[in-house]
Amino acid sequence: MMTISDGDFNRLAKFIQSNYGIDLTQKRQLITGRLSTALKQKGFTNFSDFVNQVMKERRDEDITLLLDKLTTNYTFFMREKEHLDLFCQKIIPDIVQRHQKDKTLAIWSAGCSSGEEPYNITMFLFDYLGSQAKQWDTRLLATDISGRALAAARRGVYELPDTIPQEWKRKYFKPAAGGAYAVTPDVKNNVIFQTFNLMDPIRFRRKFDVIFCRNVMIYFDQPTKDALVRRFYDATVPGGYLLISKSENLSQDTAYRRLAPSTFQK
């Protein structure tokens, strides 16, 4: 395994945090462990040359390598089911009622990883709307910083856990090779996948009825979290919702009001 000098480690950690919000200051072993083999395969004999190249050239392929190796794109269907129950029982009925005239919902899965979350949301929306679903624009935005994760999300092929309802397997999936399942075209076409850095200004065309940002802010320090939540708040419609993970929380002075555990409303 390669070793990284104090200077190169500090430069790289500062670069990642200032540009992508990810706090790696306590992750020196993770950096060396996850990057050493990949750098050797690319012909690097030391970290210093790679760090110099990243700082000087900022090539997309180098940035992609860093982000893919240093973030954990771990997710699964029906994750934090209590959240999803609240989404189905309270939030969907509320936003559908509000949009009876325009029949257009605006939902964002921010940090969507390999796509299970936005596809999961779609299935709940389709279940709730039933035969009326085709009359609605339920397309949701799903973003991530990792090109590797987005590629998997766009494929939409998964090993399904036992928690997936059998009815969903029948309605929203079709068998794929090796015992896996692919999401159906209707489900896949309901999600718009896009690369997005959560450190950037949020300037999408519409404000959102619901923002899911679960298990993303665990990578950020408190000032970065607070700044992101302020941007989320500005991008949320009045009465709209922000859902984070059970392992996260918002600062006491957030403008959102707490509705339920890890669930907030503007």
Side-chain angles (χ1 to χ4, degrees), residues 75 77-112 115-143 163-165 167-168 171-172 183 186-187 189-194 196 198 202-217 225 228-266:
T75 187
F77 285 103
M78 309 298 278
R79 188 174 193 178
E80 297 188 359
K81 187 174 181 299
E82 301 89 346
H83 244 177
L84 298 174
D85 288 343
L86 181 68
F87 176 67
C88 294
Q89 294 162 12
K90 176 175 175 57
I91 296 176
I92 294 179
D94 182 34
I95 61 178
V96 166
Q97 179 62 36
R98 286 194 225 165
H99 288 284
Q100 282 297 318
K101 289 187 176 180
D102 64 13
K103 289 185 164 46
T104 300
L105 303 179
I107 299 174
W108 179 16
S109 172
C112 67
E116 287 93 331
E117 179 177 87
Y119 289 139
N120 227 161
I121 295 167
T122 292
M123 293 167 198
F124 282 121
L125 290 172
F126 285 1
D127 270 7
Y128 183 83
L129 292 169
S131 60
Q132 297 183 24
K134 293 189 184 301
Q135 301 171 24
W136 284 73
D137 182 356
T138 58
R139 288 175 299 170
L140 59 100
L141 176 66
T143 66
T163 50
I164 287 287
E167 185 183 5
W168 275 18
K171 290 199 305 185
Y172 301 132
V183 293
D186 281 353
V187 171
N189 293 336
N190 195 64
V191 183
I192 300 165
F193 289 106
Q194 184 174 324
F196 185 73
L198 289 172
I202 299 172
R203 293 173 179 159
F204 297 113
R205 183 173 57 88
R206 293 173 61 99
K207 293 194 174 186
F208 294 97
D209 298 299
V210 188
I211 298 174
F212 283 81
C213 186
R214 304 191 299 169
N215 299 290
V216 175
M217 290 188 285
K225 291 179 193 175
L228 175 59
V229 170
R230 287 193 293 271
R231 294 197 296 278
F232 280 154
Y233 188 85
D234 292 340
T236 305
V237 300
Y241 301 87
L242 171 67
L243 284 76
I244 62 175
S245 77
K246 285 194 264 185
S247 59
E248 301 163 325
N249 213 330
L250 303 189
S251 294
Q252 297 262 340
D253 60 353
T254 180
Y256 285 104
R257 75 177 180 91
R258 185 180 180 276
L259 185 69
S262 307
T263 306
F264 301 83
Q265 188 171 24
K266 180 169 178 176

### Query
Who pairs with Gln194 by side-chain contact (heavy atoms from CB on, under 4.5 Å), at least two apart in sequence or on another chain?
Leu141, Thr143, Phe204
### Message
Tell me which pairs pass salt bridge (Lys or Arg N to Asp or Glu O under 4.0 Å) where either residue lies in residues 87-97, with sequence neighbours left out.
### Response
Asp94-Arg98
### Query
How far apart are the closest heavy atoms of Leu140 and Thr122, and which atoms are they?
CD2-OG1, 3.6 Å
## Note on the structure
What one should report as the nearest heavy-atom pair of Cys88 and Pro93 is O-CD, 3.2 Å
#### Entry: Heavy-atom side-chain proximity of Val96 to Lys103 below 4.5 angstrom
no
### Task
Sequence neighbours left out, what pairs pass ring-ring contact (aromatic ring centres under 6.0 Å, His included) with at least one residue falling in residues 237-266?
Tyr233-Tyr256
### Task
Output the distance between atom CD1 (Ile95) and atom CG (Leu105), rounded to the nearest 0.5 Å.
4.5 Å
### Message
So, using side chain to side chain donor-acceptor pair (under 3.5 Å) as the criterion, who are the partners of Asp253 when residues are at least two apart?
### Response
none
### Task
Check step by step if side chain to side chain contact (heavy atoms under 4.5 Å, CB included) holds for Val191 and Tyr119.
CA-CA 7 Å; Val191 183; Tyr119 289 139; 3.7 Å; yes
### Which residues share a side-chain contact (heavy atoms from CB on, under 4.5 Å) with Arg203, sequence neighbours left out
Pro201
### Task
For Ala110 and Val216, work out which heavy atoms get closest and say how close.
O-CG2, 3.6 Å
#### Entry: side chain to side chain donor-acceptor pair (under 3.5 Å) partners for Lys171, two or more places apart
Asp127
### Task
First locate atom CZ of Phe87, then atom OG1 of Thr263, and finally report the distance between them rounded to the nearest 0.5 Å.
11.0 Å
### Summary
One should read off an interatomic distance between Ile107 CD1 and Arg206 CZ, to the nearest 0.5 angstrom, of 11.0 Å
### Task
Only counting residues at least two apart or in another chain, list the ones meeting side chain to side chain donor-acceptor pair (under 3.5 Å) with Glu248.
Ser245
### Task
Could you list the residues that satisfy side-chain contact (heavy atoms from CB on, under 4.5 Å) with Gln132, not counting sequence neighbours?
Gln135, Trp136
### Message
Among residues at least two apart in sequence or on other chains, which ones pass side-chain contact (heavy atoms from CB on, under 4.5 Å) with Asp186?
### Response
Phe126, Lys134, Thr184
### Summary
From the list Glu117, Glu116, Arg214, side chain to side chain donor-acceptor pair (under 3.5 Å) partner of Ser109 resolves to Glu117
### Query
Under 3.5 Å, is there a donor-acceptor pair between the side chain of Lys266 and the main chain of Thr236?
yes
### Query
How far apart are the closest heavy atoms of Ala235 and Ile202, and which atoms are they?
CB-CG2, 3.7 Å
### Query
Counting only N and O atoms by type, is there a donor-acceptor contact under 3.5 Å from the side chain of Arg231 to the main-chain atoms of Leu198?
yes
### Query
What do the steps show when you test Trp108 against Val210 for side chain to side chain contact (heavy atoms under 4.5 Å, CB included), and what is the final call?
CA-CA 6 Å; Trp108 179 16; Val210 188; over 6 Å; no
### Query
Roughly how far, to the nearest 0.5 Å, is CG of Leu243 from CD of Gln265?
10.5 Å
### Query
Do Met217 and Ile244 have side chains that get closer than 4.5 Å, going by heavy atoms?
yes
### Query
So, Thr104 side chain and Asp102 main chain: donor-acceptor pair closer than 3.5 Å or not?
yes
### From CG (Asn120) to OH (Tyr172), nearest 0.5 Å
11.0 Å
#### Entry: With sequence neighbours excluded, residues passing side chain to side chain donor-acceptor pair (under 3.5 Å) with Thr254
none
## Note on the structure
Contacts of Asp137 meeting salt bridge (charged side-chain N to carboxylate O under 4.0 Å, His left out) (sequence neighbours excluded), chain-then-number -> Arg139
